[in-house]
Amino acid sequence: MPDSIVDLQNVTKVYTLGSNEIYALNGVNLTIKKGDFVTIMGPSGSGKSTLLNMVGCLDLPSEGIVRINGTDVSTLSDDELTTLRRDNIGFIFQQFNLIQTLTAIENVEMPMIFSRMDAAARRKKALSLFNQSNLEIEYADHRPNELSGGQQQRVAIARALANNPTIILADEPTGNLDTKTGESIMKLLEDLNSKGTTVIVVTHDQRLAEYSNTTIRLQDGEIYHESGEND
Amino acid sequence: MNLVKTISSNMYVELAKRNLKRHTVRTILAAIGIIIGVIAISSMGILGNSLKLSVAGSLGDVGNEIVVYPSYGESVITEKQVDELYKVGDIEYIIPILSNVAKAEYKSESIFTNVYGLEKDGLYQLVELEEGYFLRSGSKDCVIGANLAENLDLKLGSRLTVKDSQFRVVGILKESGFGLALNPDGATFITPEAYKKLYEDVDDGYNLVIVKVKDLDYVETVAGSIEERLNKKEDVVTVLVTGSILKSIDDIFNSISLFLIGIGSISLLVAGVSILNVMLMSTMERTKEIGIMKAVGASRKEILKMFMMEALIIGVAASLIGGVLSFGGGFVVNILILKEASYLFAPSSIMYIVAGVTFGIVTSLAGGMYPAWKASNMRPLDALRYE
């Protein structure tokens, strides 16, 4: 499978709560190809966030193998995982998760600082990302708390794109936004996907599934329905 | 390349400054702790140093001399023993001195004085004149110490009576402080001839011999060879190296300084703990932020750098302020304890301020180390989930 960008084999994640073992994921097999737009759906507690964390290398499986671009992530050290995330994965969160002490444009520049891009190139790239995410340049020097939810999420998207990731992971990206703003954010993701970026969205909002070409439904840590592509 | 690096590291500085500003009061309080600690260390160091300098000052110019006294049981150092001294190498000069104590009278007043009989050349090496001139050999002149001149109200040309003989004052010495070999301030210096006339009945020989060594480094070896030569069979002389006395006084005051600095260090230690506390609180509060940064690609080293930068900024700023205020602190303790502040700007005092500032910075960094390490080792997922 040369074009599979995410490959999960029999992935299990067990949390121990007191004497109980809880299976957040139970033997999940999943392959996502380069350029896919995947929606992961399911009720709360179905394991969809855990699945996203696995793909985002924020968490490691109890059992099974997670491969990103062909690399088995369990073989990587903490700092190697960080580098993998930095160079390959862009995160978009429900809470936007911008750094409050940094201005909008500095938030976008932050991942580029970590990848040691030089200051002039960084600023140029950040401005073009502002443009790409439909953000007005006049907001560049605003702090996150001076921006609306939609603007903050656009900044977060611009930040996610900073190091030209191959995968965008979005956890309920419209969860804190009104319907109209949510739609524009999804259009932005759709647009990115059309340029070749793999987009994976976790949501329980049925409408978001319409943007994707594959929808995965999770329940009790297991995939019970996968649709799209050939449908 | 270099320019780029400074800009990207400026980002860390900028971020650290903003984070410190987020909790201004807390930052200032932590900084005050360091400031007080630095002042405490520096002022205590300055106080100890000033004590040492003031004692060293009143000891006078002890220098590196070797003083040879007759041992217990021996009355004098004989001419023959002095000849032996000349055979020891590396000696610049030897001054044999006759000494006794006598009553000095002028007009209706009298006082006890050390009477020293020695050659003009020797006198020239040992003391400094305030006015007049040194003795002419064979004369009945005398040179007197500053205190004696003051106490008996003696002037040049006055006739001083010592043990029923009259001497003409031809020189008055500068005040020189307490000496280890001689006490010139209250003394009367006369020629050996005059001395022998004054004390006809005492044994032939000298009461002490001052040996000046060519090079400071040879003092101990010369003292050793003197011992070897003169005390071959039995102890006939006691050899005293004045420099070693100065050194032991120095050692004592170094211990006092160290003790005082130790007291000051306690406050700096407390300040370090408060930095630790403040930074730890800040790490907890920013757990989520750390998680975000780790998610978007901050390595452990970069998180460590961010937090250490904050500790460094507090440390450098507070320590420098403390360093400047230490001049004030040093002034106050010197005035309170020594009643004078002239030693405040001595280079060795300034060194204590430099040391205080350095310790302040080091303490801040040490206090920041654990929180920074803790932050850098947070797992991104745990940190992201933290609310």
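Here the structure is a predicted model, which is why all the values come from computation and not from measurement. Reminder, nothing fancy here: chain letters follow the sequence lines and each chain counts from 1.
- Judged by distance alone, with hydrogens and angles left aside, the side-chain atoms of Thr103(A) form no donor-acceptor pair with the main-chain N or O of Arg143(A) at under 3.5 Å.
- Both the backbone and the side chain of Asn97(A) come within contact range of chain B, with heavy atoms under 4.5 Å apart.
- Few gaps surround CG on Asn10(A); more than 12 heavy atoms of other groups in view lie less than 6.0 Å from it.
- For chain A, the nearby parts of Glu289(B) are the backbone and the side chain; heavy atoms of each come within less than 4.5 Å.
- Of all residues in residues 352-381 of chain B, those placing a non-hydrogen atom less than 4.5 angstrom from a non-hydrogen atom of chain A are Arg379(B), Pro380(B), Leu381(B).
- Annotation: maximal heavy-atom pairing with chain A below 4.5 Å, among Asp382(B), Ile292(B), Asn19(B), Leu15(B), occurs at Ile292(B).
- In this structure, no portion of Asp87(A) lies under 4.5 Å from any heavy atom of chain B.
- With a 4.5 angstrom heavy-atom cutoff, Glu109(A) does not touch chain B via any of its atoms.
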Check your understanding: What's the verdict on salt bridge (Lys or Arg N to Asp or Glu O under 4.0 Å) for Asp118(A) and Arg122(A), showing C-alpha distance, side-chain angles and the deciding distance?
Key -> CA-CA 6 Å; Asp118(A) 82 64; Arg122(A) 206 163 71 203; over 6 Å; no
**Study point:** ring-ring contact (aromatic ring centres under 6.0 Å, His included) evaluation trace for Tyr15(A) with Tyr23(A)
**Key:** CA-CA 6 Å; Tyr15(A) 293 107; Tyr23(A) 281 79; over 10 Å; no
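- Surrounding CG of Leu336(B) are more than 12 heavy atoms belonging to other residues, nucleotides or ligands, all under 6.0 Å away.
- The shortest side-chain heavy-atom distance between Ser133(A) and Leu188(A) falls under the 4.5 Å cut-off.
- Heavy atoms closer than 4.5 Å to chain B are found nowhere in Thr83(A), neither backbone nor side chain.
- The 12-atom threshold is not exceeded at CD of Glu63(A), counting heavy atoms of other residues, nucleotides or ligands nearer than 6.0 Å.
- Checking side-chain atoms of Arg18(B) against main-chain N and O of Thr101(A) turns up a donor-acceptor pair under 3.5 Å.
- The closest side-chain heavy-atom distance from Leu189(A) to Ile92(A) is below 4.5 Å.
- Both the backbone and the side chain of Arg300(B) come within contact range of chain A, each with at least one heavy atom under 4.5 Å from a heavy atom of that chain.
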